[in-house]
Student: 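Input: one structure, supplied below.
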Amino acid sequence: MANQFIHQEYLVAGNNFNSAGSASEAVKSTLKKMGVASSDIRRVAIAMYEGEINMVIHAGGGIALVDIYYDKINILLNDKGKGIADLEKAMQPGYSTAPEEVQRLGFGAGMGLPNMKKYADVFDIQSEVGVGTTVKMTIYFG
Amino acid sequence: MTVKELVQVLDAKVYNLDDEMREVTSGYAGDFLSAVMGKAPTDSAWFTIMNNVNVCAVATLAEVAVVVLCEGVEPDEPLLNKVKMQGVNLIAVKEDIFGAVKKVCHLI
Ligand SMILES: Nc1ncnc2c1ncn2[C@@H]1O[C@H](COP(=O)(O)OP(=O)(O)OP(=O)(O)O)[C@@H](O)[C@H]1O
Ligand SMILES: [Mg+2]
């Protein structure tokens with residue numbers, strides 16, 4: 001049981017706000033079918049959505065790799081976008097470089113990364129300017 | 001209170017009611033989507049003037065009981081289609097957020 005898992009891969013399109021969130025929605029419905037507790041699903045779905053949206057807005061898209069085990073989920077988000085110069089600053093609640101047109105859609109509170117850190121049990125972000133950004137999250141069930 | 005009761009008290013325009021007997025046990029007001037996902041409790045009524053399609057995703061993810069569009073704002077077409085598809089409760093009122101919350105906060 002412990003070494004069985006579901007592997008899923010998603011392409012996240014950049015700058016498309018109609019498809020944005022579809023990877024998180026798909027993962028959410030997988031977890032629902034598995035009977036994972038709704039409070040855990042909520043944490044997974046929000047953390048992944050925030051990461052997905054960040055790739056859509058800030059990185060021109062990317063990929064999401066998801067491994068679901070019976071007791072946890074690993075989410076890896078990778079993009080080849082512009083990267084983040086100052087990670088410590090980016091992690092601060094309220095810090096945002098979101099352009100005005102996406103602010104008008106309700107993004108840009110600077111709460112996405114803090115939310116990911118809050119809802120994930122393990123959160124790791126690596127970024128290099130001009131190379132891209134990788135976010136790894138683990139959420140344990142129960 | 002239920003979503004149905006909320007609609008009555010607010011005299012709200014109904015855009016989509018999927019589950020009118022759903023209990024509303026809390027509330028949240030605001031337009032920044034990440035703030036909603038960070039702070040809105042499950043089963044809350046979410047008061048906002050944001051009316052694009054991402055509102056539906058956030059309402060689903062945060063598991064709010066109902067979205068209350070304020071200040072006479074109407075959902076744009078993609079949002080309306082999506083809430084119908086995903087079964088998200090969406091209603092609208094003429095009052096601004098303060099006025100709408102004032103009408104119901106003692107009942108929730
Ligand atoms: N994948 C990414 N590639 C490049 N920059 C990023 C990426 N993710 C985050 N950032 C940078 O970090 C900042 C903070 O991100 P965070 O998600 O916390 O806030 P936001 O996306 O600006 O607004 P919100 O998430 O509240 O809508 C962003 O404004 C952006 O400058
Ligand atoms: Mg963000």
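Order of the sequence lines sets the chain letters (A, B, ...), proteins ahead of strands, with each chain counted from 1. Worth saying up front: this structure is predicted, and the values here are computed from it rather than measured.
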Student: Please state whether the side chain, the backbone, both or neither of B:Thr48 comes within less than 4.5 Å of a heavy atom of chain A.
Tutor: neither
Student: Does A:Ile63 belong to the same Ile/Leu/Val/Met/Phe/Trp/Tyr cluster as A:Met137, with side-chain heavy atoms less than 4.5 Å apart forming each link?
Tutor: no
Student: Based on non-hydrogen pairs under 4.5 Å, which of A:Ser38, A:Gly108, A:Gly112 is most in contact with chain B?
Tutor: A:Gly108
Student: Who wins among B:Pro78, B:Ala35, B:Ser34, B:Gly38 for the most heavy-atom pairs under 4.5 Å with chain A?
Tutor: B:Ser34
Student: Within a radius of less than 6.0 Å around NZ of B:Lys4, do more than 12 heavy atoms belonging to other residues, nucleotides or ligands occur?
Tutor: no
Student: Verify the cluster assignment for B:Val14 and B:Val24: are they in a single hydrophobic cluster under the rule of side-chain heavy atoms below 4.5 Å apart?
Tutor: yes
Student: Using every non-hydrogen atom in the two residues, find where A:Phe107 and B:Phe32 come nearest and quote the distance to one decimal.
Tutor: O-CE2, 3.6 Å
Student: At under 4.5 Å between heavy atoms, what parts of residues 12-30 of chain A are in contact with chain B? List them by residue number.
Tutor: A:Phe17, A:Asn18, A:Glu25, A:Lys28
Student: Search all heavy atoms of A:Arg104 against all heavy atoms of B:Asn52 and return the closest pair with its distance.
Tutor: O-ND2, 4.4 Å
Student: With a 6.0 Å cut-off (strictly less than), is the heavy-atom count around NZ of A:Lys117, excluding the residue itself, greater than 12?
Tutor: no
Student: Only pairs of heavy atoms separated by less than 4.5 Å count here; which of B:Gly30, B:Ala62, B:Ala57 has the most with chain A?
Tutor: B:Ala62
Student: Quick check: is B:Leu107 connected to B:Ile97 through a chain of hydrophobic side chains (ILVMFWY, heavy atoms under 4.5 Å apart)?
Tutor: yes
Student: Counting only heavy atoms not in A:Glu101, do more than 12 fall under 6.0 Å of its CD?
Tutor: yes
Student: Is it the case that one hydrophobic cluster holds both A:Leu11 and A:Leu76, taking links as side-chain heavy atoms less than 4.5 Å apart, direct or via other members?
Tutor: yes
Student: Would a single hydrophobic cluster contain both A:Ile139 and A:Phe5, if residues Ile, Leu, Val, Met, Phe, Trp and Tyr are joined by side-chain heavy-atom contacts under 4.5 Å?
Tutor: no
Student: Are A:Tyr49 and B:Met37 side-chain neighbours, meaning at least one heavy-atom pair lies under 4.5 Å?
Tutor: yes
Student: Contact part of B:Asn54 toward chain A, heavy-atom cut-off under 4.5 Å: side chain, backbone, both or neither?
Tutor: both
Student: Measuring from atom CG of B:Asn51 to atom CG of A:Leu105, what distance do you get when rounded to the nearest 0.5 angstrom?
Tutor: 9.5 Å
Student: To the nearest 0.5 Å, what is the distance between CG on B:Asp31 and CD on A:Gln103?
Tutor: 12.5 Å
Student: For A:Lys136, is the NZ atom crowded, meaning more than 12 foreign heavy atoms sit under 6.0 Å from it?
Tutor: no
